[in-house]
Amino acid sequence: MSGRDKRLRWTFSSDDLDREDESSPEASAPGRSTRLITADDLDVVLQPIVDLRDGRLFAAEALVRCRWPEYASPVALFAQAEKERACGRLGRPIREVAIARAAGMPLFLNIHPEELSSRWLVRPDDPLSFHEGELFLEITESAAFEYFDLCRSVLKEVCTRTSAHLVVDDLGAGHSNLKRVLDLEPAIVKLDRELVKDLDKSHRQRVLVRSVTALCKDLGARVVCEGIETLDELKAVRDAGADFGQGYLLARPGYPMPRPVWPL
Ligand code: C2E
Ligand code: MG
Ligand code: MG
């Protein structure tokens with residue numbers, strides 16, 4: 001267990017209120033505190049994930065949009081929530097909105113690594129427990145690597161209890177140890193746009209994507225390619241053996257969720 005994992009584990013097993021509820025010295029924000037965000041301040045857009053065999057809709061990924069202009073980008077929103085140790089608290093209203101908007105549909109939800117050490121995600125009354133469709137919980141490759149033990153304990157426990165599937169997101173964006181990440185036995189691996197962009201133009205990249213895809217599939221994970229923007233990238237990811245695709249070419253994120261186009 002890494003030092004970082006140990007610290008997070010302590011937080012998780014502590015009887016005190018989450019450390020999220022302690023203020024941190026760096027927490028002061030140019031904007032308002034993310035702790036004040038409620039479901040009314042959030043929008044969730046849905047982006048289709050399609051089956052690359054025939055373009056049929058497989059599932060939707062929920063992507064948060066905060067109505068406060070200073071946190072319009074989800075990256076800025078979570079960067080500030082991280083400083084305020086409020087990621088666990090923030091995840092809950094996001095799931096409330098996402099699950100209400102995607103009723104009954106197979107749904108991919110992003111989980112911030114700091115959520116693994118908060119009590120919010122594991123609460124039995126979390127909206128996760130009430131979703132009627134299939135659930136897929138995404139953790140980024142770098143978090144899967146850095147918080148391996150927490151992913152194996154907390155995330156796997158949540159997945160078992162809620163019948164959700166574990167997904168490793170953004171594979172290829174970092175420099176993680178592929179074997180270690182796959183040791184989490186994810187049901188799905190999402191290849192980052194870094195690997196998909198200009199795939200049709202680079203033979204070396206195609207060899208890499210084909211090999212990584214085959215390895216994931218041999219180890220029991222299905223593969224989603226993210227960030228498909230051109231027809232040639234779409235053909236290339238399909239030829240590389242990926243199962244599912246996601247990207248602006250097929251559909252942008254939106255609510256109501258746009259119907260995917262299938263140009264092949
Ligand atoms: P992600 O989970 O990898 O989500 C994919 C991002 O790629 C989304 O950006 C999506 O809008 C964008 N995208 C989709 N198709 C294309 C494409 O064809 N080309 C390009 N260039 N981009 C594409 P978004 O919504 O800005 O989200 C950015 C990141 O913020 C997400 O990356 C995820 O890590 C995080 N995030 C978003 N929503 C949530 C959330 O509800 N919870 C958590 N914990 N993180 C979230
Ligand atoms: Mg994602
Ligand atoms: Mg991603």
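Both ligands and their constituent atoms are indexed starting at 1 by order of listing.
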Consider ligand 1: state whether an atom of it lies below 4.0 angstrom from any non-hydrogen atom of E61.
yes
Tell me if a side-chain donor or acceptor on E134 pairs with a main-chain N or O of A164 at a distance below 3.5 Å.
no
Please determine if R180 and D183 form a salt bridge, counting it only when a charged side-chain N lies under 4.0 Å from a carboxylate O.
no
Name the residue from T140, L171, I139 that meets the side-chain contact (heavy atoms from CB on, under 4.5 Å) definition with V181.
L171
Would you confirm whether the ring centroid of F136 sits within less than 6.0 angstrom of the ring centroid of F58?
yes
Does the distance from a Lys or Arg side-chain N to an Asp or Glu carboxylate O, for K197 and E233, drop under 4.0 Å?
no
Check this for me, if you would: do D125 and R92 make a salt bridge, where the nitrogen-to-carboxylate-oxygen distance has to be below 4.0 angstrom?
yes
Can you tell me which residue and heavy atom of the protein come closest to atom 1 (P) of ligand 1, and the distance to 0.1 Å?
D169 OD2, 3.7 Å
Protein contact to atom 29 (C) of ligand 1 [nearest heavy atom, distance to 0.1 Å]
V75 CG2, 4.1 Å
So that I can tick it off, tell me whether R206 and D239 are bridged by a salt bridge, with the cut-off set at under 4.0 angstrom between side-chain N and carboxylate O.
no
Which protein N, O or S atoms does the Mg ion (ligand 2) have within a distance shorter than 2.8 Å?
E61 OE2, N110 OD1, E138 OE1, D169 OD2
Please say whether the positively charged group of R101, taken as NZ for Lys or CZ for Arg, lies over the ring of Y255, i.e. under 6.0 angstrom from the six-membered ring centre and within 45 degrees of the axis.
yes
When you look for heavy atoms under 4.0 Å from ligand 1, do you find them on the side chain of E226, its backbone, both, or neither?
side chain
Check whether any side-chain heavy atom of P263 sits under 4.5 Å from a side-chain heavy atom of L249, and report yes or no.
yes
Return the residue, atom name and 0.1 Å-rounded distance of the protein heavy atom closest to atom 45 (N) of ligand 1.
N110 CB, 3.6 Å
A student checking ligand 1 against Q47 at a 4.0 Å heavy-atom cut-off should list atoms 14 (C), 15 (N)
Is at least one protein non-hydrogen atom found at under 4.0 angstrom from atom 6 (C) of ligand 1?
no
Where the side chain of S117 meets the backbone of E114, is there a donor-acceptor pair that is under 3.5 Å apart?
yes
From R252, Q246, E229, H112 - option closest to atom 21 (N) of ligand 1 by heavy atom
E229
Top protein contact for atom 10 (C) of ligand 1, by heavy-atom distance
L63 CD1, 3.8 Å
Non-hydrogen protein atom less than 4.0 angstrom from atom 32 (O) of ligand 1
no
For atom 18 (O) of ligand 1, decide whether some protein heavy-atom distance is shorter than 4.0 Å.
yes
Judged by heavy atoms only, the candidate from P74, C66, A79 nearest atom 28 (C) of ligand 1 is P74
Under 4.0 Å to a heavy atom of P253 - the qualifying atoms of ligand 1, by number:
11 (O)
Measuring from atom CG of L135 to atom CE of M105, what distance do you get when rounded to the nearest 0.5 angstrom?
12.5 Å
Please confirm whether the backbone N or O of L195 pairs with a side-chain atom of Q205, one donor and one acceptor, at under 3.5 Å?
yes
Would you mind checking if D170 and K190 are paired as a salt bridge, meaning a charged N to carboxylate O distance below 4.0 Å?
no
Within the 4.0 Å heavy-atom cut-off, what D170 brings close to ligand 1 is side chain
Which ligand 1 atoms are under 4.0 Å away from a heavy-atom of I94?
41 (O)
Please enumerate all residues that pass side-chain hydrogen bond (donor to acceptor under 3.5 Å, both in side chains) together with R67, with sequence neighbours excluded.
D43
The atoms of ligand 1 lying under 4.0 Å from a heavy atom of V64, numbered in the order shown, are 38 (N), 39 (C), 40 (C), 41 (O)
Should the proximity of L109 to ligand 1, defined as any heavy atom under 4.0 Å, be assigned to the side chain, the backbone, both, or neither?
neither
Say whether D126 and W120, considering side chains only, have a donor N or O and an acceptor N or O under 3.5 Å apart.
no
Between R193 and E226, is there a salt bridge with N-O shorter than 4.0 Å?
no
Considering only protein heavy atoms, which is closest to atom 12 (C) of ligand 1, and at what distance to one decimal place?
Y248 OH, 4.0 Å
At a 4.0 Å threshold, what atoms of ligand 1 neighbour a non-hydrogen atom of R65?
11 (O), 24 (P), 25 (O)
Suppose I only count heavy atoms of R193 and a 4.0 Å limit; which atoms of ligand 1 are within that range?
19 (N), 20 (C), 21 (N)
